[in-house]
Asker: 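Below is the structure I would like to discuss, written out as structure tokens.
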Number of protein chains: 2
Amino acid sequence: MNTVASAAPYHHGDLRRALLDSATAILTETGRWDFSLREVARRAGVSHAASYRHFTDKEALIAAVALTGYETLHTCMTTAIDEATGAVGTLRAIGQAYIGFGVANPALYRLMFGQALPSIEGLPPAVLAVLTEARAVLRGVILTGARAGAFAIDPEDEQEVSVAVVTAWSLVHGFTLLTIDRVVDREVRPQVIDTLAARVTERLIVGLLPT
Amino acid sequence: MNTVASAAPYHHGDLRRALLDSATAILTETGRWDFSLREVARRAGVSHAASYRHFTDKEALIAAVALTGYETLHTCMTTAIDEATGAVGTLRAIGQAYIGFGVANPALYRLMFGQALPSIEGLPPAVLAVLTEARAVLRGVILTGARAGAFAIDPEDEQEVSVAVVTAWSLVHGFTLLTIDRVVDREVRPQVIDTLAARVTERLIVGLLPT
DNA sequence: GCGGTGTGTTGACGGTGGTAACATTCAGCG
DNA sequence: CGCTGAATGTTACCACCGTCAACACACCGC
């Protein structure tokens, strides 16, 4: 029963990956994260109970999908950082990359930061690790900028740095969600989302610059 | 069969209100918006199909709950505005009221701005109306401040005003969600959320002040 | 070749959203 | 008062869902 496909490492193939792909496909097509496990299985061409050999739960499947999202977001941000120069430029790049990812993958973004997962605790450690690292990266950029005098922040004041981190994250997170939820559309024309994102990010940066 | 209660305008009482109350109770108790319609009915002491006499859909029930949330948020903001003076003070008051509402009603807030509703279009017109008005209020405050010279914004530049509006809304929205989702907790101690909210709001205002 | 283990299937259970047919109660009107 | 129709609530049912246990198959090392 050898078909054209290359290595099929298991019994019937790499079902875990197939399920993940099906779930992601449904997610991006319908824009909804409340798909049924059975539909995912159906789409992957297996029986409805097969997924339980690879995911303990429906929630585990969703968490796995979310994890891929976190990883993609992470690489988006790191490549953006690599291509940017200077504290201000780096912060700008991070913001734009973050917003760009969210707007490009609205359903996935909502799944990642939505409700599906039971509060942030109780998530798979891998997810928490990526989140924590993302925040650390942001903090590092702001701290570097503060030390270089690019931002009006005392690098020794832990609280002040934290406030800046939370502010920046809140802004891009909120903007991304408002855009995804089309709350923003009626304020500006949709084709200028990039421009709007840039200007919103700029507002943040202006607020951080030394006078 | 007259009980102590006053007018029971209908057959078995004001079931619509009772269902709404049950749903809200479950929401605040469990913190999850994905309750079952049947549980709501059970809690209200009626059969599971009774709700269909008052709400066309489960989604309609959820939308009705969300509407009460929007209205509460609206009154929170307007009373905050009434008690504040000056453009800067008003903006600060709005931000704090908004964040305060979200943090005090996490589940409701998530339901309002989450995923349960199918994008922002297709919502009951009443919901859209409240949202639109909220944005108009915010815009008015910023515009007034810009005209008075309290903010470094050209009041005649529609785009610039819009950017400021979206920035402000994004910031409070994002901060509220990050706080609700406990993403922020490990950055600062939880008992200082108010302080943090104040300082984050302050960062926004500083960014708007004229140099 | 053989047994065990990993993998997928079948079938069942309780629970869910939604509908249709039925039962009940209320309001209006003679 | 008694009748009638509409509003309200109940029962019974459907297809579907998540999950589990029992079963069937296919691959591995021996």
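As the structure is a computational prediction, the values presented were derived from the model and not from experiment. All heavy atoms count here, side chains included; hydrogens, waters and symmetry mates do not. Chain letters run A, B, ... following the sequence lines, proteins first and then strands; every chain starts at 1.
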Asker: Take the protein atom CZ of A:Phe55 and the nucleotide atom P of C:dT7, then report the distance between them rounded to whole Å.
Answerer: 12 Å
Asker: Expressed in angstrom and rounded to an integer, what is the separation of B:Leu37 atom CG from C:dG18 atom C1'?
Answerer: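 Distance, rounded to whole Å: 9 Å.
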Asker: D:dC27 P sits how many Å from A:Asp14 CG, rounded?
Answerer: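 The distance from CG of A:Asp14 to P of D:dC27 comes to 15 Å, rounded to the nearest Å.
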Asker: Taking atom C1' of C:dG18 as reference, at what distance in whole Å does atom CD of B:Glu59 sit?
Answerer: 14 Å
Asker: side-chain contact (heavy atoms from CB on, under 4.5 Å) with B:Leu19: which of B:Thr24, B:Val40, B:Leu37, B:Asp14?
Answerer: B:Val40
Asker: Any N or O donor-acceptor pair linking the side chain of A:Arg38 to the base of D:dG18 at under 3.5 Å?
Answerer: yes
Asker: Under 3.5 Å, is there a donor-acceptor pair between the side chain of B:Arg203 and the main chain of A:Ala164?
Answerer: no
Asker: Round to a whole Å and report the spacing from NZ of B:Lys58 to C1' of C:dT16.
Answerer: 8 Å
Asker: Any donor-acceptor pair under 3.5 Å linking the side chain of B:Ser36 with the backbone of B:Glu39?
Answerer: yes
Asker: Hey, what do you get for OG (B:Ser170) to CZ (B:Phe175), rounding to the nearest 0.5 Å?
Answerer: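 Here the interatomic distance stands at 15.0 Å.
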Asker: Taking the side chain as every heavy atom from C-beta outward, state whether B:Thr90 and B:Thr144 have any pair of such atoms under 4.5 Å apart.
Answerer: no
Asker: Heavy atom of residues 43-50 of chain A under 4.0 Å from DNA chain C: which residues?
Answerer: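 When residues 43-50 of chain A is checked for heavy atoms under 4.0 Å from DNA chain C, the hits, listed by number, are A:Val46, A:Ser47, A:His48, A:Ala49, A:Ala50.
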Asker: Under the side-chain hydrogen bond (donor to acceptor under 3.5 Å, both in side chains) rule, what do A:Ser162 and A:Arg139 come out as? Steps first, then yes or no, please.
Answerer: CA-CA 8 Å; A:Ser162 291; A:Arg139 190 183 187 91; 3.2 Å; yes
Asker: Who are the side-chain hydrogen bond (donor to acceptor under 3.5 Å, both in side chains) partners of B:Arg92, not counting sequence neighbours?
Answerer: B:Glu202
Asker: Does A:Arg53 contact C:dG6 through a side-chain donor or acceptor facing the base, at a distance under 3.5 Å?
Answerer: no
Asker: I'd like to know if the side chain of B:Thr167 pairs up with that of A:Arg199 as donor and acceptor (distance under 3.5 Å, no hydrogens or angles considered).
Answerer: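 The answer is no; no qualifying pair exists.
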Asker: Run the ring pair (Phe, Tyr, Trp, His ring centres under 6.0 Å) test against B:Tyr109 and tell me which residues pass, sequence neighbours left out.
Answerer: B:Tyr98, B:Phe113, B:His173
Asker: According to a strict under-4.0 Å criterion, is A:His54 in side-chain N/O contact with OP1 or OP2 of C:dG6?
Answerer: no
Asker: Residues from residues 18-30 of chain A sitting under 4.0 Å of DNA chain C, heavy atoms only?
Answerer: none
Asker: Among the candidates D:dC17, C:dG18, D:dG9, find the nucleotide nearest to the side-chain atoms of B:Tyr52.
Answerer: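 The nucleotide sitting nearest to the side chain is C:dG18.
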Asker: Considering the terminal five base pairs at each end of the helix from C:dG1-D:dC30 to C:dG30-D:dC1, what angle separates the two local helix axes, rounded to 10°?
Answerer: 0°
Asker: Anything under 3.5 Å between a donor and an acceptor, one on a side chain of residues 71-81 of chain B, the other on a protein residue two or more places apart or in another chain? List them.
Answerer:
unit_1	atom_1	unit_2	atom_2	d
B:Thr72	OG1	B:Thr68	O	2.9
B:His74	NE2	B:Glu133	OE1	3.3
B:His74	NE2	B:Glu133	OE2	3.1
B:Thr75	OG1	B:Thr72	O	2.8
B:Thr78	OG1	B:His74	O	3.1
B:Thr78	OG1	B:Thr75	O	2.9
B:Thr79	OG1	B:Thr75	O	3.2
B:Thr79	OG1	B:Cys76	O	3.0

Asker: In whole Å, I'd like the distance from the CG atom of A:Leu15 to the P atom of D:dC27.
Answerer: 15 Å
Asker: Tell me whether B:Asn105 contacts the main-chain N or O of B:Leu108 through its side chain, where contact means a donor paired with an acceptor under 3.5 Å.
Answerer: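 No.
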Asker: Between A:Thr56 and A:Arg42, which has a closest nucleotide on DNA chain D that is more 5'?
Answerer: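 Nearest nucleotide further toward 5': that of A:Arg42.
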